[in-house]
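These notes concern the structure reproduced below.
Note that the structure is predicted; figures quoted are calculated from it, not measured. Note on naming: letters A, B, ... go to the chains in the order of the sequence lines (proteins, then strands), and numbering restarts at 1 for each one. Values below: all heavy atoms of this structure, side chains included; hydrogens, waters and symmetry mates excluded.
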There are 2 protein chains.
Amino acid sequence: MTNAGGRKGGRARVERAERGIPEATVARLPVYLRALTALSDRDVTTASSEDLAVSAGVNSAKLRKDLSYLGTYGTRGVGYDVDYLRYQIAREIGLTQDWSVVIVGIGNLGHALANYSGFASRGFRVTALLDSDEARVGESVGDLHISSLDDLDEIVRSGSVSIGVIATPAAAAQIVCDRLVAAGVSSILNFAPALLSVPDHVDIRKVDLSIELQILAFHEQRKTGALTGIKAGTG
Amino acid sequence: MTNAGGRKGGRARVERAERGIPEATVARLPVYLRALTALSDRDVTTASSEDLAVSAGVNSAKLRKDLSYLGTYGTRGVGYDVDYLRYQIAREIGLTQDWSVVIVGIGNLGHALANYSGFASRGFRVTALLDSDEARVGESVGDLHISSLDDLDEIVRSGSVSIGVIATPAAAAQIVCDRLVAAGVSSILNFAPALLSVPDHVDIRKVDLSIELQILAFHEQRKTGALTGIKAGTG
DNA sequence: ACGATTTTGTTCTCGCGTTCACAAACTCTT
DNA sequence: AAGAGTTTGTGAACGCGAGAACAAAATCGT
């Protein structure tokens with residue numbers, strides 16, 4: 001039917017620069033990495049794009065296209081070598097090197113983040129915990145003790161810290177953010193429910209717990225057909 | 001139910017628009033809500049789409065289009081009444097009613113979530129904390145005490161719980177998820193680094209802390225020009 | 001060795017979301 | 001009251017990403 005006839009565009013070939021990985025693809029690479037690790041743990045040595053796609057929860061065509069941005073790591077007729085691909089993705093993301101992370105704001109959330117094992121297992125090393133509350137400074141959390149925010153500059157410089165995590169209240173977030181940037185941190189993960197402005201060269205990502213719940217609530221409301229107020233169910 | 005003061009003679013609501021709100025728009029409504037609250041706190045009574053857009057960190061055209069899906073709440077030549085719009089968005093999301101939430105897995109993260117004030121302030125009430133570790137059952141966290149996972153069914157039914165938060169290790173996530181679904185929970189927020197499968201009628205959202213860091217690391221690596229990627233092995 | 005089979009890498013098409021641009025609608029000034 | 005000035009709501013163009021489909025490349029069987 002719609003067989004590609006003789007319409008061969010004589011356009012100049014677009015170079016597949018390794019630089020231009022789509023943002024949507026970048027966001028999925030860690031998911032693939034996790035899926036590959038799971039397969040490897042089960043002693044699976046080779047996996048097809050379909051296997052991987054199922055394991056990662058995506059479409060197999062999408063997965064193949066994503067991987068094609070990184071290079072040609074599969075073997076036609078066979079699939080992907082799990083450990084090899086896993087290493088390639090890890091290298092692409094930058095997980096073959098360690099990253100130093102500072103966490104600012106050691107309240108409940110900062111506490112949890114400091115103890116989160118998922119960071120350390122992936123090459124992220126929490127090198128310092130900072131808080132502006134002097135009463136908290138000196139406290140121990142896991143292996144670390146809480147430092148004063150005033151030590152930020154030295155900690156960042158001496159520890160080659162490039163990633164900062166903000167877990168402060170919203171009111172303090174922008175100030176902390178500015179100080180992180182001034183100290184030389186160029187990637188920030190923000191858990192505070194606030195809009196932060198940063199210079200162009202700084203990357204910032206936001207995780208907002210209450211927004212996620214609100215999105216769920218929206219759909220939940222639709223499902224229950226609750227147009228007005230609370231309806232008292234049966235009983 | 002107290003109305004937020006009928007303003008300008010109540011017009012008929014545009015109900016056809018309520019059907020198909022794009023997902024991308026839904027995800028921004030909480031952001032607008034927060035921006036409106038911030039303006040309201042500063043005693044701003046009226047705001048143009050441009051004002052709001054700046055406050056929310058988006059493009060003003062996008063904001064206007066988003067709001068247009070909800071109805072016609074602005075006044076041409078004037079802007080939006082801050083409190084009125086805030087109420088409308090809150091109603092649309094479903095925040096004019098309270099939502100009962102259970103948190104499963106009271107480790108570091110679950111602990112932090114249980115104490116997170118951002119939930120309560122937006123109509124989300126944490127009604128129960130559950131853990132499968134019997135040694136933890138009975139412990140107090142804030143106002144609540146930790147219940148056994150076996151009590152899930154009764155808690156969900158008696159408390160009209162529709163939202164569940166999973167903060168367990170990855171290995172336990174699917175089991176906990178299945179039990180939540182079986183108990184009648186139809187919206188799930190998953191913090192465990194695992195892919196969960198749920199029936200169609202259940203909504204699920206995922207928050208993955210380490211993925212966010214990995215995305216930052218990817219861009220950070222590009223910025224520092226570490227093209228070679230391979231440096232001294234970590235041994 | 002050669003065809004059948006499997007699976008990748010890529011091209012093409014479609015749909016969604018973002019942004020521009022402008023008519024409609026409201027207020028303010030004279 | 002009418003024109004000037006604002007600002008909303010929306011139609012239209014554009015770009016990106018998702019998914020289907022297929023040619024190329026590898027293995028396997030005879």
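- Rounded to a whole Å, the OH atom of Tyr80(B) is 18 Å from the P atom of dT6(D).
- For the residue pair Asp66(B) / Tyr32(B), a side-chain donor-acceptor distance below 3.5 Å is found, with atom types taken as modelled.
- To the nearest angstrom, P of dT8(C) lies 9 Å from CG of Leu67(A).
- The nearest whole Å value for the distance from the CG atom in Asp81(A) to the P atom in dA26(D) is 16 Å.
- Counting atom types as modelled, Lys65(A) pairs no side-chain N or O with a base atom of dT10(C) as donor and acceptor under 3.5 Å.
- Regarding Asp66(A), its CG atom lies at a distance of 13 Å from the P atom of dT10(C), rounded to whole Å.
- When distances run from any side-chain atom of Thr75(B) to the nucleotides dT8(C), dC26(C), dG9(D), the shortest one goes to dC26(C).
- When the nearest nucleotides of DNA chain D are assigned to Gly77(A) and Pro22(A) by heavy-atom distance, the more 5′-ward of the two goes with Pro22(A).
- Note: CG (Leu52(B)) to C1' (dT8(D)) measures 12 Å, nearest angstrom.
- Put simply, CG on Leu63(A) is 9 Å from P on dT8(C), counting in whole angstrom units.
- In the set dG9(C), dT7(C), dA18(D), the nucleotide with an atom closest to the side chain of Arg28(A) is dA18(D).
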**Request:** Go through the steps to decide whether Asp81(A) and Arg86(A) satisfy the test salt bridge (charged side-chain N to carboxylate O under 4.0 Å, His left out), and finish with yes or no.
**Result:** CA-CA 8 Å; Asp81(A) 182 287; Arg86(A) 183 162 66 122; over 6 Å; no

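- Residue Thr25(B) is classed as having no contact, given no heavy-atom separation below 4.0 Å to the nucleic acid.
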**Asked** For Tyr87(B) and Tyr84(B), what are the C-alpha separation, side-chain angles and deciding distance, and is it a ring pair (Phe, Tyr, Trp, His ring centres under 6.0 Å)?
**Response** CA-CA 5 Å; Tyr87(B) 175 77; Tyr84(B) 180 64; 7.8 Å; no

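- We find that CG of Asp51(A) is positioned 14 Å from P of dT6(C), with the value rounded to whole Å.
- Of all nucleotides listed (dA26(D), dT18(C), dA21(C)), dA21(C) comes nearest to the side chain of Arg64(B).
- Using a 4.0 Å cut-off, no side-chain N or O of Tyr69(A) falls inside it from OP1 or OP2 of dG17(D).
- How far NZ of Lys65(B) is from OG of Ser60(B): 12.5 Å, rounded to the nearest 0.5 Å.
- Arg76(B) places its CZ atom 8 Å from the P atom of dC26(C), with the value rounded to the nearest Å.
- Taking side-chain N and O atoms only, Ser49(B) has a distance below 4.0 Å to OP1 or OP2 of dT8(D).
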**Message:** With salt bridge (charged side-chain N to carboxylate O under 4.0 Å, His left out) as the criterion, how do Glu92(B) and Arg222(A) come out once you've worked through the C-alpha distance, each side chain's angles and the decisive distance to 0.1 Å?
**Reply:** CA-CA 10 Å; Glu92(B) 194 71 39; Arg222(A) 292 292 162 110; 2.7 Å; yes

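- Projected onto DNA chain D by closest heavy-atom contact, Ala61(B) and Asn59(A) fall at different nucleotides, the more 5' of which corresponds to Ala61(B).
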